[in-house]
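Below is one structure, written out as structure tokens; comments come after it.
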Amino acid sequence: METLLDQKLVSSWFDVQSVPQTYVHPPEKRPGKLNVPLCNNIPVVDLGSHDRRDTIHRISKASEEFGFFQVINHGVPIKLVDDTMSVFKEFHALPQKDKAIEGSKDPSRSCKLYTSSENYANEEVHYWRDVLTHPGHPFEHYMQFWPEKPTRYREVVKAYLEEVRNLSYVILELLAEGLGIGTEYFCGGLTESPVLLSNHYPPCPDPSLTLGLTKHCDPTLITILLQDTDGLQVFKDGNWIGVEPVPSAFVVNIGYVLQMISNSKFKGAEHRVVTNSGVARTTIAYFIHPSNESLIAPAEALCNPPLYRSMKFKEFLRNFKSKAANAEAVLKVISLSSS
């Protein structure tokens with residue numbers, strides 16, 4: 001019989017003396033050097049700037065070179081940002097049974113709490129994290145399944161999702177202008193199904209043996225991330241570099257979907273999460289997903305020649321999940337050159 005979720009959660013038993021064998025990654029997959037340099041080159045873009053051309057240039061350059069950038073003066077109230085981070089920390093600090101109940105109300109499992117990955121039962125080795133996830137839109141249908149503990153969860157998270165949704169439109173408009181494909185390009189189906197995902201990485205007795213998340217690229221247009229401490233690392237030019245948390249900033253990274261639409265002008269950056277032995281790390285990711293039926297294909301203006309196949313988002317996502325986010329395997333499926 002499967003172990004109950006509340007007993008499987010890493011936060012139920014993380015204060016062990018050593019990393020359990022099921023969380024020890026093979027030597028070639030381990031993080032290796034944990035203290036990678038925090039990168040000062042990942043651009044921090046001021047969205048409050050009045051020089052729109054310069055902002056577009058900075059965001060486009062970062063999307064081409066890194067697939068990552070951070071944004072400040074983004075218009076999301078700082079108090080709301082802080083309140084949202086506090087609410088998720090409070091959720092992950094709830095008694096395990098309460099968390100398991102709060103995260104299992106939705107019969108369709110769109111709103112759920114899980115540990116390691118959604119493939120926990122079949123994966124060879126686990127990841128040092130617990131995850132709460134639910135759709136970010138529309139509220140009317142899904143909010144009834146959101147946690148009711150902490151008591152202010154629904155009020156704060158709803159306000160946060162509304163603000164981050166607005167921010168996503170601002171960023172995507174700038175990216176569209178940078179690509180020369182028209183500011184309305186990402187309206188409608190391509191941004192219809194956002195997903196919120198809060199990762200919690202408890203302290204780990206030996207961070208050199210395990211990972212919070214393995215090397216991967218997100219299955220999104222873009223991801224907008226709020227982080228509270230070090231742990232996020234980006235793979236660039238054969239090296240891992242740390243993404244330094246900037247107070248009240250959001251980290252934005254390019255996903256596979258935008259890489260396909262931009263016909264590889266913008267690159268989805270591979271990244272991973274390492275753990276640490278001192279403090280827990282909590283993040284709040286806003287995944288911008290198209291609707292299942294949306295067609296993902298290189299924008300016509302950028303097809304010279306097209307590098308990627310056209311496919312519905314649900315087909316892309318099925319392939320992504322079946323390849324366990326392995327970049328080489330995913331690219332083989334989505335690229336035209338593999339046919």
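Residues take their numbers from the sequence shown, with the count starting at 1.
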Heavy-atom donor-acceptor pair, [X] side chain to [Y] backbone, under 3.5 Å:
| X | Y | answer |
| --- | --- | --- |
| Thr191 | Cys187 | no |
| Arg30 | Thr210 | no |
| Glu192 | Ser294 | no |

Nearest 0.5 Å, please: how far is [atom2] in [Y] from [atom1] in [X]?
| X | Y | atom1 | atom2 | value |
| --- | --- | --- | --- | --- |
| Glu118 | Glu123 | CD | CD | 10.5 Å |
| Leu174 | Tyr169 | CG | OH | 15.0 Å |
| Leu209 | Cys204 | CG | SG | 7.5 Å |
| Gln233 | Ile241 | CD | CD1 | 9.5 Å |
| Asp83 | Met85 | CG | CE | 12.0 Å |

Aromatic ring pairing [X]/[Y], orientation class (parallel under 30°, perpendicular over 60°, tilted between):
| X | Y | answer |
| --- | --- | --- |
| Trp146 | Phe139 | perpendicular |
| Phe313 | His289 | tilted |
| Phe88 | Tyr153 | perpendicular |

Got a sec: does the CD of Glu90 have more than 12 other heavy atoms crowding it under 6.0 Å?
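Yes.
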Has Asp15 got more than 12 heavy atoms of other residues, nucleotides or ligands less than 6.0 Å from its CG?
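More than 12 within 6.0 Å, yes.
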Kindly state each residue pair satisfying side chain to side chain donor-acceptor pair (under 3.5 Å) with at least one member in residues 314-328, sequence neighbours excluded.
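Qualifying pairs, neighbours excluded: Glu293-Lys314.
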Stacked cation flag Lys149 on Phe91, 6.0 angstrom / 45 deg
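No, Lys149 and Phe91 do not form such a contact.
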Is the terminal nitrogen or CZ of Lys215 (NZ for Lys, CZ for Arg) located under 6.0 angstrom from the six-membered ring centre of Phe235 and within 45° of that ring's axis?
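Yes, Lys215 lies over the aromatic ring of Phe235.
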Salt-bridge contact [X]-[Y] (side-chain N to carboxylate O under 4.0 Å):
| X | Y | result |
| --- | --- | --- |
| Lys89 | Asp228 | yes |
| Lys236 | Glu270 | no |
| Glu155 | Lys158 | no |

For Leu80 against Val156, the heavy-atom pair lying closest together:
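Residues Leu80 and Val156, closest heavy atoms: CD1-O, 3.8 Å.
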Report the C-alpha separation of Thr282 and His200 in whole Å, then their side-chain angles, then the decisive distance to 0.1 Å, and conclude whether the side chain to side chain donor-acceptor pair (under 3.5 Å) test is met.
CA-CA 5 Å; Thr282 300; His200 181 69; 3.1 Å; yes
Quick one, Arg52 with Glu173, criterion salt bridge (Lys or Arg N to Asp or Glu O under 4.0 Å). Give me CA distance, side-chain angles, the key distance, then yes/no.
CA-CA 11 Å; Arg52 187 174 176 86; Glu173 197 174 282; 3.2 Å; yes
Is it true that Met311 and Leu295 fall in one hydrophobic cluster, defined by side-chain heavy atoms closer than 4.5 Å?
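No, separate clusters.
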Consider only side-chain heavy atoms of I, L, V, M, F, W and Y, link residues closer than 4.5 Å, and tell whether Tyr120 and Phe14 are in one cluster.
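They do share one cluster, since a chain of ILVMFWY contacts under 4.5 Å joins Tyr120 to Phe14.
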Assert yes or no for the condition that the ring centre distance of His134 to Tyr142 is strictly below 6.0 Å.
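They do not qualify: ring centres at least 6.0 Å apart.
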